[in-house]
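Just below is one structure, and these are the notes that go with it.
Values in this document were obtained by computation on a predicted structure and should not be read as measured data.
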Amino acid sequence: MYTAHPDRYADMPYRRTGRSGLKLPALSLGLWHNFGPDRPVETQRAILRRAFDLGVTHFDLANNYGPPPGSAESALGEALRADFAPYRDELVISTKAGYLMWPGPYGEWGSRKYLLSSLDQSLSRMGLEYVDIFYSHRPDPDTPLEETMGALHTAVQQGKALYVGVSNHSPEQTREAARILAGLGTPLLIHQPRYSMLDRRPETSGLLDALDELRTGSIAYSPLEQGLLTGRYLDGIPEDSRAASDSPFLNSDAVTGELVGRLRALNDLAGARGQSLAQMALAWVLREGRVTSALVGASSPQQLEDSVAAVGNLEFGADELARIDEIVTK
């Protein structure tokens, strides 16, 4: 029987999410990969237990996480029943809907029918009465934003979600979503964008500025840029890496000699800070407090421990930030 570590809250920083009363750990665990039938169940449970012992109280999912779609939620449901039933009120569990889940015209995007049906399925897979955060995973070009946001509001009214958020929305869409939700009486809690040292779009598009204005929280996904901002690619493409498999999320063509040179330069700077490249990349996303939390994945408890160690040094000097910009943008 799992018993959580008594000092689990000693070292992890917790940040207030926008203007809400909800605090999130600086690092949250994403169950996008590594939680499905192709992974040993005991390894999955060990990662979740170690995360909670380290103060990672937020587990982030979506209906399509796996593979196959739905399996990550099912895996979490098993772990909740086996290990975390006494700790449900210490956990923040989020899920999303927006991508393809079942055939036909009601199996994806942002209609009221799809979103609320998907949430019911997600709750069933996880064995939960509610999630803490329910997201619209992507904007729907053919459904009015009023309908999509209205469905999120209904989820809160039904008691099936405590808070709502959006992901992959532009600054303009985010502002409009916040306006609609405010009119309904359900605040926009959080936005989940892709953001890393190598992907600055939340900065250049004005999204972070919009979130500051709205006093809405943010949680960055892919802060390690699909593994590029780890030590795995410092000598090219490992045979067992994501890039070697030509994943739709990272292919071998992206790992150029020029990129490897930049990664090595970033790694040297991380070493001078007493950090691994991954730790510095996570610290960079969390610098200045504009981002509430960064999402990390893990294939083992040890990999998770390395990521969590990043919170030990979240400060950057002006010269370090300038050097990172020089390396990345030159």
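Checking His58 against Ser94 by side-chain atom types alone, a donor-acceptor pair falls below 3.5 Å. When only modelled atom types and interatomic distance are considered, Thr143 and Glu147 share no side-chain donor-acceptor pair under 3.5 Å. In this structure, a donor-acceptor pair under 3.5 Å is absent between the side chains of Gln303 and Ser307. Side-chain contact check for Asn34 and Ser299: no donor-acceptor pair (N or O, by modelled atom type) lies under 3.5 Å. No donor-acceptor contact under 3.5 angstrom links the side chains of Ser122 and Asn63, judged on distance only. Between the side chains of Ser293 and Ser28, at least one donor N or O sits under 3.5 Å from an acceptor N or O.
With hydrophobic clusters built from ILVMFWY side chains whose heavy atoms lie under 4.5 angstrom apart, Tyr135 does not share a cluster with Phe35. Residues Leu321 and Tyr195 fall within the same hydrophobic cluster, defined by Ile, Leu, Val, Met, Phe, Trp and Tyr side chains chained together at heavy-atom separations under 4.5 Å. Both Leu286 and Leu277 sit in one connected hydrophobic cluster of ILVMFWY residues. Membership requires side-chain heavy atoms under 4.5 Å apart, directly or through other members. No chain of hydrophobic side-chain contacts below 4.5 Å, direct or via other Ile, Leu, Val, Met, Phe, Trp or Tyr residues, connects Leu61 to Ile219. By the rule that hydrophobic residues join a cluster once side-chain heavy atoms approach within less than 4.5 Å of another member, Ile327 and Leu198 end up as members of one cluster.
Tested against His137 for a side-chain contact (heavy atoms from CB on, under 4.5 Å), the candidates Thr95, Asn168, Leu115, Val166 yield a single pass: Asn168. Shown are Arg287, Arg194, Arg290; of these, the salt bridge (charged side-chain N to carboxylate O under 4.0 Å, His left out) with Glu203 is made only by Arg287.
Remark: Arg273 qualifies as a cation-pi partner of Phe316 under the 6.0 Å distance and 45° angle criteria applied to the six-membered ring. Cation-pi geometry between Arg88 and Tyr130 is satisfied (NZ or CZ under 6.0 Å from the ring centre, within 45° of the ring normal). A cation-pi contact, defined as under 6.0 Å to the ring centre and within 45° of the axis, links Lys113 to Tyr106. In this structure, Arg138 is positioned above the aromatic face of Tyr99, its NZ or CZ under 6.0 Å from the six-membered ring centre and within 45° of the axis.
Here the side chains of Ile133 and Ile190 are in contact, with some heavy-atom distance below 4.5 Å. Under the 4.5 Å side-chain criterion, counting only non-hydrogen atoms from C-beta, Met280 is in contact with Met197. With contacts defined as side-chain heavy-atom distances shorter than 4.5 Å, the pair Leu76/Gln44 does not qualify. In this structure the side chain of Asp60 never reaches within 4.5 angstrom of the side chain of Tyr221, judged on heavy atoms. You'll find the side chain of Pro171 stays beyond 4.5 Å of the side chain of Thr174, heavy atoms only. With contacts defined as side-chain heavy-atom distances shorter than 4.5 Å, the pair Tyr9/Leu54 does not qualify. Using a 4.5 Å cut-off on side-chain heavy atoms (C-beta onward), Val328 and Leu266 make contact. No side-chain heavy atom of Val260 sits less than 4.5 Å from a side-chain heavy atom of Thr256.
Using modelled atom types, one side-chain atom of Tyr14 and one backbone atom of Gly55 make a donor-acceptor pair closer than 3.5 Å. Although no hydrogens or angles enter the test, the distance criterion places no donor-acceptor pair under 3.5 Å between the side chain of Ser117 and the main chain of Tyr114. With hydrogens and angles ignored, the 3.5 Å screen pairs no side-chain donor or acceptor of Ser71 with any backbone N or O of Gly36. Judged purely by atom type and a 3.5 angstrom limit, Arg15 has no side-chain atom pairing as donor or acceptor with the backbone of Leu24. Put simply, the side chain of Glu73 never gets that close to the backbone of Leu123: no donor and acceptor are under 3.5 Å apart. Without hydrogens or angle criteria, Thr292 side chain to Ser218 main chain gives a donor-acceptor distance under 3.5 Å. Side-chain atoms of Thr186 do not come within 3.5 Å of backbone N or O of Leu181 as any donor-acceptor pair. Using modelled atom types, no side-chain atom of Arg45 and backbone atom of Arg49 make a donor-acceptor pair closer than 3.5 Å. Panel note: side chain Thr148, backbone Leu145; no donor-acceptor pair is recorded below 3.5 Å. Of the possible polar contacts, none joining the His153 side chain to the Ala151 backbone as a donor-acceptor pair under 3.5 Å is found.
How far CD of Gln121 is from CG of Leu116: 11.5 Å, rounded to the nearest 0.5 Å. With rounding to the nearest 0.5 angstrom, the CG atom of Leu100 is 8.5 Å from the CG atom of Asn64. Taking CZ from Arg215 and CG from Leu189, the interatomic distance works out to 12.5 Å, rounded to the nearest 0.5 Å. Atom CG of Asp7 sits about 14.0 Å away from atom CE of Met12, to the nearest 0.5 Å. Here the CG atom belonging to Leu208 is positioned 10.0 Å from the CD atom belonging to Glu288, to the nearest 0.5 angstrom. Interatomic distance, Thr57 OG1 to Asp89 CG, rounded to the nearest 0.5 Å: 12.5 Å.
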Walk me through it: do Trp32 and Leu295 pass the test side-chain contact (heavy atoms from CB on, under 4.5 Å)?
-> CA-CA 10 Å; Trp32 182 25; Leu295 278 167; over 6 Å; no
Given Ser170 and Gln173, is the side chain to side chain donor-acceptor pair (under 3.5 Å) satisfied, shown in steps?
-> CA-CA 5 Å; Ser170 71; Gln173 290 166 333; 3.3 Å; yes
With side-chain contact (heavy atoms from CB on, under 4.5 Å) as the test, would you mind laying out the steps for Gln302 and Arg50 before giving the verdict?
-> CA-CA 9 Å; Gln302 294 74 29; Arg50 188 61 182 138; over 6 Å; no
In sequence, state the C-alpha distance, the side-chain angles, and the governing distance for Thr154 and Gln158, and then conclude on side chain to side chain donor-acceptor pair (under 3.5 Å).
-> CA-CA 6 Å; Thr154 295; Gln158 292 177 340; 5.9 Å; no
Decide ring pair (Phe, Tyr, Trp, His ring centres under 6.0 Å) for Phe59 and Phe52; before the verdict, give the C-alpha distance in whole Å, the side-chain angles of both, and the deciding distance to 0.1 Å.
-> CA-CA 9 Å; Phe59 299 156; Phe52 190 54; 7.3 Å; no
Begin from the C-alpha positions of Glu225 and Tyr233 and carry the test side chain to side chain donor-acceptor pair (under 3.5 Å) through to its verdict.
-> CA-CA 12 Å; Glu225 202 60 31; Tyr233 295 92; over 6 Å; no
Residues Glu90, Arg8; criterion salt bridge (Lys or Arg N to Asp or Glu O under 4.0 Å); working and verdict | CA-CA 11 Å; Glu90 297 183 46; Arg8 56 189 175 277; 3.0 Å; yes
Begin from the C-alpha positions of Met101 and Glu108 and carry the test side-chain contact (heavy atoms from CB on, under 4.5 Å) through to its verdict.
-> CA-CA 6 Å; Met101 278 301 290; Glu108 63 178 325; over 6 Å; no
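Taking the six-membered ring where the residue is Trp, the centroids of Phe134 and Tyr163 are separated by 6.0 Å or more.
Ion pairing of Arg323 with Glu320 is absent here, as no side-chain N (NZ or NE/NH1/NH2) approaches a carboxylate O to less than 4.0 Å.
Surrounding CG of Asp11 are at most 12 heavy atoms belonging to other residues, nucleotides or ligands under 6.0 Å away. Counting heavy atoms of neighbouring residues, nucleotides and ligands inside a 6.0 Å radius, atom CZ of Arg200 exceeds 12 of them. Counting heavy atoms of neighbouring residues, nucleotides and ligands inside a 6.0 Å radius, atom CD of Glu42 exceeds 12 of them.
Scanning both residues, Pro67 and Asp38, for their nearest heavy atoms gives O-OD1, 4.3 Å.
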